[in-house]
Amino acid sequence: MSIRLRELIRAVRSCKTQAEERDVIAKESAALREAFREQDPRYRHRNIAKLMYIHMLGYPTHFGQMETLKLIAANGFAEKRIGYLGLMLLLDERQEVLMLVTNSLKMDLNNDKNPYIVGLALAALGNICSAEMARDLAPDVERLLERQPNPYIRKKAALCAIRVLKKNPELVEEFADKATDLLHDKNQGVALSGVTLLLAICSMQPSMVEQYRKHVPTLCKMLRGLLQGGFSPEHDVGGITNPFLQVKILQLLRVLGRGNADASDAMTDILAQVAANVEGSRNAGTAILYEAVSTIMGIETIGGLRVMAVNILGRFLANRDNNIRYVALNTLAKVVAVDTQAVQRHRATIVDCVKDADVSIRRRALELVYSLVNEANIRNLTRELLDYLAVCDSEFKPDLTAKIATLIQRYAPDKRWHIDSMLQVLVQAGAHVKEEAVRALIVLISNAEDLHGYAVRALYSAVKQHLATAAQSLLVAGGWCIGEFGEMLPTGAHRLSRAGSIDMWQCWQCCKHASVDAAGLSNVPCRCSHLSPFFKPAQTCAAG
């Protein structure tokens, strides 16, 4: 005789090696096969419970599938409960043996004596039914949804209907009107299931959205009742009445209001109430506010309401919880395309997030900063990003360097600022600057005739000062510039501030040191740009 479930769990936990565990499972599986052959109904439910535990450990349990069906066909609730649990755990919709349980499901769906047996059948059908089973049992689910007075069964029938419709989308019209009737149910569990069913229908059949828009006032009334209703211990979560239903209603309002001005106007007042009155200090309130913000940004709303939504996200950024801050940054990245000006008000907080210890927040904040930059704020944002580039982690530098270089090239207010900013990037993170950015800087300098002297002196000073640690990109840009415009170094044209006279012998030595690395470069243009500056200072020194 096999052991009890509790004893099996204790034996498995006491195993010190995988081999010991396999021996225990093999021994118990053999005992279960023997028990199934004896057809003893007294311990069948206990054996199936052990079979489910063995399945959860990852061992084969196909030999007990028929015993599960026998438990479902039993008359007692205890046997059916284990049987349906085993059905959902040990089988799936792809197995042919599942069709054998269709008749038992139909009988249990029509059970008038025990509503909990009906609930078991609905739960199993909603989890593993195939397209054929859904088509055969859809009339029974529809009947329970429409005529069953017990809210426990109506709630489960609505959730089961979602699976039925996913397997047979052509049945949507048969459930469309019955789903809206659930919105008027006084039981909040039934109402929640009804809203969830409506969301599923709108997702599967977008043409139904127009038909459901007439129910926007009903949904707004439900949401207002939840906001203004008194304390309800049955549905209270963190001091908020049924946040699950509020979140689902907001999601449905977003679907119904998208692209329709009339429906959006009808829900504007209630969205403003949610944004103003819900306390976001706890997770339940934060979830509601997040859905409210998503709904406001997803429908045709006025600018004032959008500003309120962005301010909520700004408060999220100040939260200590990294998950909430990440959600806020992710949402702001979507909002910036709709209302950039409102997001700009929180620019300082967003830039601070770039310096956060969490790498996921840093990357998301950097993407958002990239979206916020324009010609008006490029100087301030670039300065802040360059300050952070000097101290940021090495694994974050490549992304940050690439973003800064792209922003400088796109929004530079003038060519001199462009040269100065790119030079700072080359000095601080030259190893991460891409060849395209260096080439673009060289083209810019070559086309700016009035800045040739300024650029060559700036690059020479940078190369000389950081020669021991200079990256290849800085040496390439400096080498090319000195090679092209080295004759302007002694003249002092466009002198740098605080720059003294340049010793051409030092310049020659500097270029000679830079050209030593040329032989190790695989890129031919890089080798040429390293070698070319060697000649002009040498010629100047020889002439002197």
Side-chain angles (χ1 to χ4, degrees), residues 105-106 109-112 115 118-119 121-123 125-127 129 131-226 242 244-260 262-267 270 295 298-299:
L105 280 168
K106 189 174 185 66
L109 289 174
N110 291 280
N111 190 308
D112 297 329
V118 181
L122 288 170
L125 186 63
N127 275 279
C129 75
E132 294 77 11
M133 289 177 64
R135 193 179 303 110
D136 294 339
L137 299 175
D140 298 289
V141 176
E142 183 181 355
R143 176 184 57 80
L144 293 173
L145 196 62
E146 182 180 16
R147 302 176 186 176
Q148 179 57 240
N150 192 330
Y152 170 79
I153 295 179
R154 287 203 308 278
K155 174 179 65 177
K156 287 188 173 291
L159 297 177
C160 180
I162 297 175
R163 173 83 177 198
V164 171
L165 294 180
K166 285 182 178 179
K167 293 299 176 182
N168 295 276
E170 66 275 7
L171 300 175
V172 164
E173 295 183 0
E174 299 180 15
F175 286 85
D177 294 334
K178 298 174 180 62
T180 57
D181 294 339
L182 300 177
L183 298 178
H184 304 282
D185 201 294
K186 295 181 179 180
N187 186 284
Q188 293 190 13
V190 177
L192 175 59
S193 301
V195 175
T196 306
L197 178 57
L198 287 173
L199 276 169
I201 291 175
C202 292
S203 175
M204 290 181 282
Q205 198 82 15
S207 60
M208 298 298 297
V209 173
E210 185 64 34
Q211 178 180 334
Y212 286 152
R213 283 197 173 115
K214 61 183 179 182
H215 298 286
V216 167
T218 302
L219 293 168
C220 293
K221 183 179 179 181
M222 291 173 60
L223 189 54
R224 188 175 291 109
L226 293 170
N242 205 337
F244 305 101
L245 180 56
Q246 293 191 47
V247 165
K248 285 296 182 181
I249 291 175
L250 289 168
Q251 291 175 352
L252 183 55
L253 288 175
R254 180 163 69 248
V255 173
L256 299 179
R258 185 180 294 121
N260 188 279
D262 294 335
S264 299
D265 291 341
M267 62 184 75
I270 188 61
T295 301
I299 64 175

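Computation of the quantities below employed the complete heavy-atom set of this structure, encompassing side-chain atoms and omitting hydrogens, waters and symmetry-equivalent molecules. Nothing here was measured: the structure is a model prediction, and the numbers come from that model.
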When rounded to the nearest 0.5 Å, the distance separating CG of Leu250 from OG1 of Thr295 is 5.0 Å

Heavy-atom closest pair (Val118 atom, Leu109 atom, distance to 0.1 Å) is CG1-O, 4.0 Å

Side chains of Asn260 and Val209: closer than 4.5 Å at any heavy-atom pair? no

So ring-ring contact (aromatic ring centres under 6.0 Å, His included) across residues 155-209, not counting sequence neighbours, yields none

- prompt: Donor-acceptor pair, Ser264 side chain versus Gly257 backbone, under 3.5 Å?
  reply: yes

Separation between CG (Leu144) and NZ (Lys155), nearest 0.5 Å, reads 14.5 Å

The complete set of salt bridge (charged side-chain N to carboxylate O under 4.0 Å, His left out) pairs with one or both residues in residues 199-211, sequence neighbours excluded, reads Glu210-Arg213

Taking every heavy atom of Val141 against every heavy atom of Cys160, the minimum-distance pair comes out as CG2-SG, 4.0 Å

Contacts of Lys166 meeting side chain to side chain contact (heavy atoms under 4.5 Å, CB included) (sequence neighbours excluded), chain-then-number -> Ile162, Met204

| query | Taking Arg163 for the side chain and Cys129 for the main chain, is one N or O donor matched with an acceptor at less than 3.5 Å? | reply | yes

By side chain to side chain contact (heavy atoms under 4.5 Å, CB included), Pro115 pairs with (sequence neighbours left out) Asn150, Ile153

For Ala157 and Leu122 the tightest heavy-atom approach is N-CD1, 3.7 Å

Would you call Thr180 and Gln211 a side-chain contact if the rule is heavy atoms closer than 4.5 Å?
no

Ala138 meets the side chain to side chain contact (heavy atoms under 4.5 Å, CB included) criterion, sequence neighbours left out, with Val164, Leu171

Applying side chain to side chain contact (heavy atoms under 4.5 Å, CB included) to Leu182 and not counting sequence neighbours gives Leu145, Ala158, Val190

Contacts satisfying salt bridge (charged side-chain N to carboxylate O under 4.0 Å, His left out) that involve residues 168-181 (not counting sequence neighbours) are Glu142-Lys178

For residues 140-168, the ring-ring contact (aromatic ring centres under 6.0 Å, His included) pairs (sequence neighbours left out) are Tyr116-Tyr152

In short, Leu105 meets Ala121 closest at the heavy-atom pair CD2-O, 3.7 Å

CD1 of Ile249 to OG1 of Thr196, rounded to nearest 0.5 Å, is 10.0 Å

So salt bridge (charged side-chain N to carboxylate O under 4.0 Å, His left out) across residues 182-192, not counting sequence neighbours, yields Arg154-Asp185

Applying side-chain hydrogen bond (donor to acceptor under 3.5 Å, both in side chains) to Asn110 and not counting sequence neighbours gives Asp140, Arg143

Counting C-beta onward and ignoring hydrogens, is there a side-chain heavy-atom pair between Ile201 and Tyr212 closer than 4.5 Å?
yes

Nearest heavy-atom contact between Ile270 and Met267 is CG2-O, 3.1 Å

*Look at the side chain of Ser203 and the backbone N and O of Leu199, then say whether any donor-acceptor pair between them is shorter than 3.5 Å.*
no

Distance col, row Leu252:CG vs Leu183:CG, nearest 0.5 angstrom, shows 7.5 Å

With sequence neighbours left out, the residues meeting side-chain hydrogen bond (donor to acceptor under 3.5 Å, both in side chains) with Glu132 are Ser130

(message) For Gln188 and Leu226: C-alpha separation, side-chain torsions, deciding distance, then whether side chain to side chain contact (heavy atoms under 4.5 Å, CB included) applies.
(response) CA-CA 10 Å; Gln188 293 190 13; Leu226 293 170; 3.8 Å; yes

To the nearest 0.5 Å, atom CG of Asn242 lies from atom CG of Leu223 at 11.0 Å

Nearest heavy-atom approach of Ala263 to Val216 is O-CG1, 4.1 Å

Residue pairs passing the salt bridge (charged side-chain N to carboxylate O under 4.0 Å, His left out) test with at least one member in residues 248-257, sequence neighbours excluded, are Arg254-Glu291

